[in-house]
There are 2 protein chains.
Amino acid sequence: MAHDHVMPTDLTRNQELVLGTLNHAPAPLSAYDILDLLRSEGLRAPLQVYRALDKLVERGLAHRLESLNAFVACADEHCHRKGLIAFAICEGCGKVDEFADAVIEERLGTWAGTTGFKVERTTMEIRGKCAECLKAA
Amino acid sequence: MAHDHVMPTDLTRNQELVLGTLNHAPAPLSAYDILDLLRSEGLRAPLQVYRALDKLVERGLAHRLESLNAFVACADEHCHRKGLIAFAICEGCGKVDEFADAVIEERLGTWAGTTGFKVERTTMEIRGKCAECLKAA
DNA sequence: AATCAATACGTTATAGCATAACGCTGCTGC
DNA sequence: GCAGCAGCGTTATGCTATAACGTATTGATT
């Protein structure tokens with residue numbers, strides 16, 4: 001059930017390379033990590049990677065992890081989700097678990113309603129240790 | 001009721017300068033912003049600011065906003081809170097509103113319980129427009 | 001086909017954020 | 001005293017991200 005990633009057919013070469021790299025990575029990658037992995041494919045400059053990442057994130061095919069300055073492929077192959085996604089980042093193995101919670105989202109909506117704040121984007125990142133790493137310790 | 005900040009007495013000079021700067025700022029400041037504001041006080045190097053910030057964040061007197069790479073003074077004068085704090089960041093005026101929500105926290109606990117993930121730290125940052133900026137638009 | 005607009009591309013340079021590593025200072029507790 | 005610890009100051013460096021330029025490709029319209 002691993003690697004059940006979707007690779008849309010309308011990506012540009014650079015976007016495809018970057019998404020492919022993220023799909024195969026076991027943990028988040030920084031833009032510069034990606035660049036280094038793709039030098040053999042001819043990429044030379046950070047901007048080539050950042051531009052691809054921008055598009056991928058915009059389309060929901062990848063996510064940016066603010067607390068790591070790094071990126072992951074979206075785990076949900078039908079992730080056209082507009083709403084809140086939470087990320088659980090293991091400090092042990094680096095793996096990231098992605099999940100959505102309607103209750104949290106609704107709760108946020110309530111808060112926004114009472115304060116008059118218009119929510120455009122939410123990032124929620126949980127740092128800790130995953131079950132596997134806890135077992136191993 | 002503004003500026004009801006507490007300034008502990010056991011801070012070092014650099015920590016006090018940095019916290020004072022954050023307390024008077026209307027919006028988050030980057031470490032380099034802080035440095036520039038404190039050159040007149042004799043600070044010269046980023047590390048002087050980062051070291052102070054580390055301690056302040058550790059003590060809960062300041063918070064780091066991951067999505068901005070910037071820092072704010074803690075808004076709650078009794079913020080010895082260990083739990084989840086959410087930040088609402090206005091893209092219009094830059095102001096940050098800080099709040100805690102027990103339901104979200106509890107919900108997170110539930111998720112952690114079922115997956116066996118041990119939560120150590122959570123960052124939640126909401127981007128959007130505050131009521132005032134919406135009115136002005 | 002010719003044109004135009006929009007998007008992507010490649011490159012160089014630069015800006016912005018953060019830490020490593022060194023040695024020194026000053027305090028606290030034994 | 002002096003050992004241990006926290007903080008300090010400085011230089012150098014590394015990592016993250018974007019500005020600005022011109023070219024190329026695509027796709028729609030005429």
Side-chain angles (χ1 to χ4, degrees), chain A residues 7-22 25 27-59 61-72 89 91 94 121 123 125 127, chain B residues 7-22 25 27-72 89 91 94 96 121 123 125 127:
Chain A
M7 184 76 83
T9 57
D10 63 339
L11 297 175
T12 68
R13 169 173 160 83
N14 286 359
Q15 288 162 16
E16 193 180 309
L17 287 169
V18 169
L19 183 53
T21 304
L22 288 177
L29 297 175
S30 77
Y32 281 75
D33 291 339
I34 296 169
L35 176 57
D36 286 340
L37 290 169
L38 290 176
R39 286 194 191 281
S40 59
E41 298 290 342
L43 294 211
R44 297 152 187 279
L47 219 49
Q48 297 176 286
V49 175
Y50 279 110
R51 288 203 272 232
L53 284 169
D54 281 349
K55 290 300 171 193
L56 294 173
V57 168
E58 195 179 303
R59 293 184 52 174
L61 297 168
H63 302 292
R64 174 188 176 83
L65 299 174
E66 302 285 358
S67 66
L68 293 178
N69 293 325
F71 301 83
V72 285
I89 303 165
E91 318 243 62
R121 193 157 41 91
T123 80
E125 300 178 15
R127 311 291 291 263
Chain B
M7 184 75 84
T9 58
D10 63 340
L11 297 175
T12 67
R13 169 173 161 82
N14 287 0
Q15 288 162 18
E16 193 179 310
L17 286 170
V18 169
L19 182 54
T21 304
L22 288 177
L29 298 175
S30 76
Y32 280 74
D33 290 340
I34 296 169
L35 176 57
D36 287 339
L37 289 168
L38 289 176
R39 286 195 192 281
S40 59
E41 297 290 344
L43 294 213
R44 298 153 187 277
L47 220 50
Q48 296 175 286
V49 175
Y50 279 110
R51 288 202 273 232
L53 284 170
D54 281 348
K55 289 300 171 195
L56 294 173
V57 169
E58 194 179 303
R59 293 184 51 173
L61 297 167
H63 303 291
R64 175 188 176 84
L65 299 174
E66 302 285 358
S67 67
L68 293 179
N69 293 325
F71 301 83
V72 285
I89 303 166
E91 319 244 62
V96 174
R121 194 156 40 90
T123 80
E125 301 179 14
R127 312 291 291 265

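Convention: sequence-line order gives letters A, B, ...; per-chain numbering from 1. Worth knowing before you read on, the calculation uses all heavy atoms, side chains too, and leaves out hydrogens, waters and symmetry mates.
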Distance in angstrom units between [X] [atom1] and [N] [atom2], rounded:
X       : N      : atom1 : atom2 : result
A:Leu47 : C:dT7  : CG    : P     : 17 Å
B:Glu66 : C:dA18 : CD    : C1'   : 13 Å
B:Asp36 : C:dG16 : CG    : C1'   : 11 Å
A:Leu11 : C:dC9  : CG    : C1'   : 16 Å
B:Leu68 : C:dG16 : CG    : C1'   : 14 Å
B:Asp33 : C:dG16 : CG    : P     : 10 Å
B:Lys55 : D:dG7  : NZ    : C1'   : 9 Å
A:Asp54 : C:dC9  : CG    : P     : 11 Å

Taking the side chain of [X] as heavy atoms from C-beta outward, which of [options] is closest to it?
X       : options                : answer
A:Ala45 : C:dA18, D:dT16, C:dT11 : C:dT11
A:Asn14 : D:dA19, D:dT10, C:dC9  : C:dC9
B:Phe71 : C:dA18, D:dT18, D:dT16 : C:dA18

Residue-phosphate contact under 4.0 Å: [X] side-chain N/O, [N] OP1/OP2:
X       : N      : answer
A:Thr12 : C:dA8  : no
B:Tyr50 : C:dT19 : no
B:Asn69 : D:dA17 : no
B:Arg13 : D:dC8  : no
A:Gln48 : C:dG10 : yes

When you measure from the side chain of [X] to the backbone N and O of [Y], does any donor-acceptor pair fall under 3.5 Å?
X        : Y       : value
B:Glu125 : B:Ser67 : yes
A:Gln15  : A:Thr12 : yes
A:Glu41  : A:Leu38 : no
B:Asp33  : B:Ser30 : yes

* Identify, between B:Gln15 and B:Pro46, the residue whose nearest nucleotide on DNA chain D lies closer to the 5' end. =>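 Nearer the 5' end of the strand: B:Gln15.
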Practice problem: Look at the side chain of B:Arg51 against the base of D:dG9 and say whether a donor-acceptor pair falls under 3.5 Å; ignore hydrogens and angles. | Solution: yes
Next on the checklist: Counting distance alone, no hydrogens or angles: does the base of C:dA15 have a donor or acceptor under 3.5 Å from a partner atom on the side chain of B:Tyr32?
Outcome noted: no
Cationic N near anionic O, under 4.0 Å, A:Arg64 to A:Glu66
yes
